[in-house]
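Here the structure comes first, spelled out in structure tokens, and everything after it is commentary.
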Amino acid sequence: MSADPVAAETDAYDAAAVEEKWQRQWLDRGTYQVDNPADGEQETSQHAPYYVLCMYPYPSGPAHQGHVRNYTFGDLAVRFRTMQGKAVLSPIGFDSFGLPAENAAIKSGRHPREFTDERIAELKESLVRLGASYDWRREVRSHDPEYMKWSQAIFLRFLEAGLAYRANAPVNWCPGCQTVLANEQVLADGTCERSGDTVVKRDLEQWFFRITRYADELLEGLEELEWPERVKIMQRNWIGRSEGAEFTMEIEGRDDCALTVFTTRPDTSFGMTYAVIAPEHPLVDVLTTEGQRAVVDELLERVAAVSDIDRLSTEGELSKRGAFTGSYAINPFNGRPIPIYIADYVLMGYGTGAIMAVPAEDQRDYDFATVYDLPVIRTVQPPEGWEGEAYSGEGVKVNSGFLDGLEVGEAKAAAIDWLESQGIGQRKVNYRLRDWLVSRQRFWGCPIPVVYCDACGMVPVPEGDLPVVAPDDVEFRPTGESPLSYHDGFRNTTCPSCGMAAVRETDTMDTFVDSSWYFLRFCDPWSRDTPFSQEAAGYWMPVDQYIGGIEHAILHLMYARFFMKALSDVGLAPPSLREPFSRLFTQGMIRMGGSKMSKSKGNLVAPSRYYETVGADSLRLFHLFVGPPADDVDWDEKTDELIEGCHRYLGRVWRLGTGIATPTRPGPEVDQAATRPGPEVDQAADRSLLQKTHRTVAKVTDDLERWSYNTAVAALMELTNESYSSLRKGVSERALDEAIRTLLLLLAPMTPHLAAETWERRYPEAPPIHSQPWPVPDPTYLAVDSVIMVVQVNGKVRDRIDVAPDVGEDEAAERALALPRIAVALAGATPKKVISRPPKLVNIVV
RNA sequence: GCCCGGGUGGUGGAAUCGGUAGACACGGAGGCCUCAAAAGCCUUUGCUCUCACGGGCGUGCGGGUUCGAGUCCCGCCCCGGGCACCA
């Protein structure tokens with residue numbers, strides 16, 4: 001008697017029982033654990049290391065369908081690469097700091113750690129029940145003091161290296177709550193989601209990471225990465241490198257100040273008819289004349305309540321977005337005075353916070369000039385017939401003094417040369433990328449490990465005293481203010497340098513800091529005196545396949561790339577390790593009612609209801625089959641039907657694999673012996689089934705490599721259908737077995753439980769399916785002996801014929817012209833032209 | 001608004017390099033099996049004209065390039081993601 005509860009049960013496909021059995025087995029046997037090589041072992045290892053990583057999740061409770069989708073793809077990659085003979089590192093952890101837990105704490109008064117730990121437990125369970133294969137020994141949680149210690153140690157190394165610094169920056173301040181708000185907490189109309197007060201900007205001294213130091217390397221590094229092109233484009237645009245010039249203009253009637261502007265179009269300087277400075281510009285006060293004070297103050301007040309997104313918008317009434325300062329700058333190119341305006345769409349964070357405005361060659365400037373009735377002077381001759389307003393294209397310079405007659409490119413260089421010769425300006429490269437503001441005025445994050453001492457100033461916490469951990473006895477006030485800021489026990493400390501009373505930094509780090517190095521900790525989570533060992537990082541990194549949502553295309557992926565370079569430069573990571581993720585795949589999102597599925601929108605569909613009914617394998621198959629992995633999925637009332645369909649398909653595979661398939665031929669001879677075919681073996685049927693089998697291997701392997709999971713599943717369905725129809729055609733037992741065996745192997749990474757169970761029942765003596773090698777197609781079955789060629793007349797399909805795959809152009813055309821149906825379609829007309837593209841088509845043009 | 005994507009039958013989608021539009025499914029229709037049902041199996045299914053043979057139309061909209069466009073180019077419309085403190 002078998003001790004196997006599943007085998008003992010029944011012959012019907014019982015997903016829940018099968019899945020529980022195999023999940024336990026994978027965990028108990030540590031099937032997907034992989035060890036780091038011992039010293040000197042790397043050279044002899046016969047399995048090449050391969051690192052598959054899904055973006056670690058924020059634990060918001062049980063998995064949602066976005067997680068299911070992500071981890072299904074990741075698990076497929078892990079099992080597929082393992083079967084291909086790689087030593088696969090497949091770790092998982094939790095991005096466990098963040099705002100939602102803190103909000104929950106404020107609501108209920110419970111400590112965020114309690115919520116977080118509960119939610120991690122729920123999420124873990126749903127991942128296990130999905131059948132995802134991880135080396136759980138390597139699990140990391142960002143709120144674990146062991147992890148925090150290293151996040152803080154890294155912060156200090158950055159501080160030491162000049163990569164972390166303090167500066168003033170504005171935050172969203174809610175006057176009602178007396179607290180800082182996240183952008184998400186500010187409603188579209190600029191009010192606080194909690195109190196409804198109008199949110200204003202307020203300057204605070206905060207910590208930054210100097211990501212801009214790496215702007216060029218972040219840009220150039222993209223070239224070598226196998227990432228989706230659109231993600232690279234987004235990153236390039238985000239970095240926003242632009243070449244131009246910076247120069248200084250005198251202020252009319254003043255010698256105590258001057259205005260420095262950045263421009264990408266120094267060639268247009270003769271067309272400058274005004275200048276604009278940001279509302280935060282230090283000269284605003286200086287340049288504003290008494291007569292203009294009222295309008296300027298009114299503008300500044302309005303701007304304080306406007307988000308950057310709205311400020312950068314080209315919508316909105318320009319008449320309300322600018323104000324004249326009353327001062328004039330002198331255009332150094334022609335000595336003419338030009339008025340200086342303030343406008344909200346000029347940001348202090350970019351360039352010098354001041355621009356020269358050339359309405360003739362910039363549409364935004366043109367629109368502004370129209371509203372404020374400022375002159376427009378063309379400096380580039382637009383092409384013949386040009387009817388637009390601002391012209392920003394190529395052309396010959398006009399109205400531009402010594403630049404007249406030059407092309408735009410030449411004129412740029414000449415203008416910069418002139419500025420340099422006058423000693424008032426120079427060539428300058430600017431980036432849109434800004435330094436990374438890492439300070440958060442929150443409790444549930446990793447504390448920034450510094451103290452402030454009256455005598456010594458800012459002092460880093462010594463590494464031996466790390467981690468700095470937030471206290472447990474905290475009280476959450478309904479205002480949302482971080483309890484750290486009023487917890488005396490935490491706040492008050494002694495200076496590590498002089499021993500006098502000092503206060504701790506109460507800000508915590510952006511959670512993107514935690515997610516910028518977790519993939520390195522996974523390589524070596526046991527490391528006790530460094531965040532990770534150089535050897536382990538060198539062995540596994542960079543991540544061979546990173547998988548996550550497209551919504552992380554810019555921020556997370558940019559920050560992690562910055563971290564990799566910075567860690568390498570401060571000596572924590574191997575010097576040659578400059579990029580963390582070699583191959584990236586960005587999956588689409590799950591949408592419900594038109595927007596992304598997320599806890600905050602309340603539109604979650606828990607996977608557990610499927611685990612208990614159709615099983616995890618059916619849900620996984622659905623996610624693979626529903627569409628291209630990169631595309632968004634609309635989850636609606638029809639989705640359950642599709643999942644049902646996947647479950648029915650797996651039932652078909654089960655019956656085929658376990659030998660209880662009902663034959664497709666109806667009639668009284670129906671019996672369960674039908675998968676053991678009769679004696680009359682049809683050789684053509686054998687060949688046809690084996691061809692299908694081997695072509696499916698080739699197609700599925702290729703599809704898995706190129707992330708076309710939906711078509712891989714379709715190919716498996718075709719093989720399944722053909723196996724069933726072969727049952728009626730007298731196929732040999734050997735051929736049928738080869739088809740079924742192959743089908744199970746190809747399904748193993750997709751629906752691992754079903755594949756494992758069916759395999760074990762079919763081949764009880766064999767090693768488990770997931771330790772089998774990935775099948776390789778036999779080329780003799782891949783050869784094609786004839787293909788269908790289309791014959792068109794004037795581009796319309798009129799007939800189809802069988803041709804040899806290597807048929808020549810002339811022969812194809814001849815055969816096409818000889819077809820009776822073509823003669824009819826031609827109706828006596830003489831072909832003007834025959835386009836012959838064998839073996840695809842012949843097109844006859846009359 | 002800016003940057004990046006997307007739009008193909010009743011539905012999800014396929015078409016990998018400019019060459020058969022609709023693979024594979026879901027749903028529908030008809031049938032087999034059954035006392036009946038469920039399950040399973042078989043056939044059929046883009047729209048439209050035609051008894052039929054066969055024809056016409058068809059990949060968001062409008063233009064263009066080409067023998068040929070879902071695919072390339074120009075201009076729109078609609079939907080989604082990101083926009084630096086959601087993660």
Among B/C26, B/G12, B/G19, the one nearest A/Val626 by side-chain distance: B/G12

Sugar-phosphate, base or nothing in reach of A/Lys699, heavy atoms under 4.0 Å: base

Among B/C85, B/G82, B/C86, the one nearest A/Ile554 by side-chain distance: B/G82

Among B/C86, B/G81, B/C57, the one nearest A/Met589 by side-chain distance: B/G81

Selection from B/A21, B/C3, B/A84 that lies nearest to any side-chain heavy atom of A/Gln792: B/A21

Sugar-phosphate, base or nothing in reach of A/His552, heavy atoms under 4.0 Å: base

Per A/Glu641 side chain, nearest of listed nucleotides B/C85, B/A84, B/G27: B/G27

Touch class at under 4.0 angstrom, heavy-atom based, for A/Gln441 against every strand present: base

Sugar-phosphate, base or nothing in reach of A/Leu841, heavy atoms under 4.0 Å: base

Residue A/Arg652, side-chain heavy atoms: nucleotide from B/A84, B/C41, B/G82 that is nearest: B/C41

Selection from B/A84, B/A87, B/C26 that lies nearest to any side-chain heavy atom of A/Ile309: B/A84

Touch class at under 4.0 angstrom, heavy-atom based, for A/Val713 against every strand present: nothing

Touch class at under 4.0 angstrom, heavy-atom based, for A/Asn237 against every strand present: sugar-phosphate

